[in-house]
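Heads up, the thing below is written out as structure tokens.
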2 protein chains.
Amino acid sequence: MGILRKTKSVKILLDEFEEQSTAISAITLIERLHLKMNKTTIYRILDKLEDDGFLHSFLGKNGHKWYAKCSGCSSEEHHDIHPHFQCLDCGKVDCLPTDILIPDIPNRKVHVSQILLQGTCEACFN
Amino acid sequence: MGILRKTKSVKILLDEFEEQSTAISAITLIERLHLKMNKTTIYRILDKLEDDGFLHSFLGKNGHKWYAKCSGCSSEEHHDIHPHFQCLDCGKVDCLPTDILIPDIPNRKVHVSQILLQGTCEACFN
DNA sequence: ATATTTACTGCAACTAAGTTGCGTTAAACG
DNA sequence: CGTTTAACGCAACTTAGTTGCAGTAAATAT
Ligand SMILES: [Mn+2]
Ligand SMILES: [Mn+2]
Ligand SMILES: [Zn+2]
Ligand SMILES: [Zn+2]
């Protein structure tokens, strides 16, 4: 089930995602907000915001959880599937609008594709 | 550094990968071999076999580590990059020979691509 | 404005994958 | 067989994420 009460903690977390468009890891949020709320609360709210279709989650290069804003999803439908890019220098992660074509795999039916590209971002290029 | 001594434990682990062509998770190996060797030993040997270019590793859907045989890699060069497929019914994971084209991403340089497809495998199809 | 209801929160304890340090064992080799 | 040291087992640790429960504060009713 999603968010039912707009508590202080929910507002603080929503603000974090409003302020920047890149993805944020759960670990970063815990570190950044540890004076304002408990890590349990953070995990629980992120989970609910995902149910609501406001955030989507994915795993970064170490298998740790990252969250980013959805665009046009709802609690009924998460159609927001796309590749992600993690910079190996600064660690920043972004959603990519790029569409990557998955060819048909013989004898298998693909339902989900999880694509994480790693390399160098624009800011770290120079 | 890779394997220097062909110990009993190393032989047992090599056998596991000789017997089947699908990928095996570290967790599965620990469970399967816990009477024969310690989990620390398993992690250390897998790590060395990867250094040697005999195995390659990747993360499955929960961010847990999986290993599979390489074909034609060496300790100098791991050129064995390809997508993986995890069956959502039986959990089995395979290496895919399929090549997936990663388009150029504006303002970013892609070094590595990590692709995990999820769906239904042949055996679970019926 | 106050009372009631219950979703949400904080805390402490837990789970589980993977790592580290160290004393002991057993490959490799002369 | 004896020596060397890579590799092993064990216990303790690290860390991301989860769970149970008692207390708190939103939302709603009175
Ligand atoms: Mn995204
Ligand atoms: Mn593979
Ligand atoms: Zn960067
Ligand atoms: Zn299957």
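A note on names: the letters A, B, ... follow the listed sequences, proteins ahead of strands, and every chain is numbered from 1.
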For this session: Would you confirm whether the ring centroid of B:H79 sits within less than 6.0 angstrom of the ring centroid of B:H56?
Result: no
Exercise. Across the strands shown, which category fits A:K48 at heavy-atom distances under 4.0 angstrom: base, sugar-phosphate, nothing?
Worked result: sugar-phosphate
Problem set entry | From D:dC10, C:dG10, D:dT18, nucleotide with atom closest to A:T41 side chain | C:dG10
Seminar exercise, completed: Atom CD1 of A:I12 and atom C1' of C:dC8 are separated, to the nearest Å, by 14 Å
Exercise. Could you give the CD1-to-C1' distance, from A:I3 to C:dT6, as a whole number of Å?
Worked result: 16 Å
Exercise. Could one point to a donor on the side chain of A:K39 or the base of D:dG17 with an acceptor on the other under 3.5 Å away?
Worked result: yes
Seminar exercise, completed: Shortest non-hydrogen pair, B:L116 vs B:L59, comes out as CD2-O, 4.0 Å
For this session: Choose from C:dC11, D:dC10, C:dC8 the nucleotide whose nearest atom is closest to any side-chain atom of A:T7.
Result: C:dC8
For this session: Find the distance A:D47:CG to C:dT9:P and express it as a whole number of Å.
Result: 13 Å
Exercise. Which one, C:dC8, C:dA28, C:dG10, comes nearest to the side chain of A:R5?
Worked result: C:dC8
Exercise. Between B:N38 (CG) and C:dG23 (C1'), how many Å, whole number?
Worked result: 14 Å
Exercise. Would the number of heavy atoms belonging to other residues, nucleotides or ligands and lying under 6.0 Å from NE2 of A:H34 be above 12?
Worked result: no
Problem set entry | Pairwise 5' ranking along DNA chain C for B:I30 and B:K8, keeping only the more 5' one | B:I30
For this session: Round to the nearest Å and state the distance from A:N62 atom CG to C:dA17 atom P.
Result: 17 Å
Exercise. To the nearest Å, how far apart are B:I45 CD1 and C:dA27 P?
Worked result: 12 Å
For this session: Choose from C:dA17, D:dA6, D:dA16 the nucleotide whose nearest atom is closest to any side-chain atom of B:H64.
Result: C:dA17
Exercise. In whole angstrom, what separates B:E31's CD from C:dG18's P?
Worked result: 13 Å
Seminar exercise, completed: B:Y43 has its side chain closest, among D:dT18, C:dT19, D:dA6, to C:dT19
Problem set entry | Check ion pair A:E122-B:R108 (N to O, under 4.0 angstrom) | no
Exercise. Is the base of C:dT9 touched by the side chain of A:R44 through a donor-acceptor pair closer than 3.5 angstrom?
Worked result: no
For this session: For the side chain of A:M37, starting at C-beta, report the closest nucleotide among C:dA28, D:dC10, C:dG10.
Result: C:dG10
Exercise. Rounded to the nearest Å, what distance is computed from the NE2 atom of residue A:H34 to the P atom of nucleotide C:dG10?
Worked result: 13 Å
Exercise. What are the two closest heavy atoms between B:S57 and B:K65, and how far apart are they?
Worked result: OG-CE, 3.7 Å
Exercise. Want to settle it: does B:K6 or B:T40 sit nearer the 5' end of DNA chain C, counting the closest nucleotide to each?
Worked result: B:T40
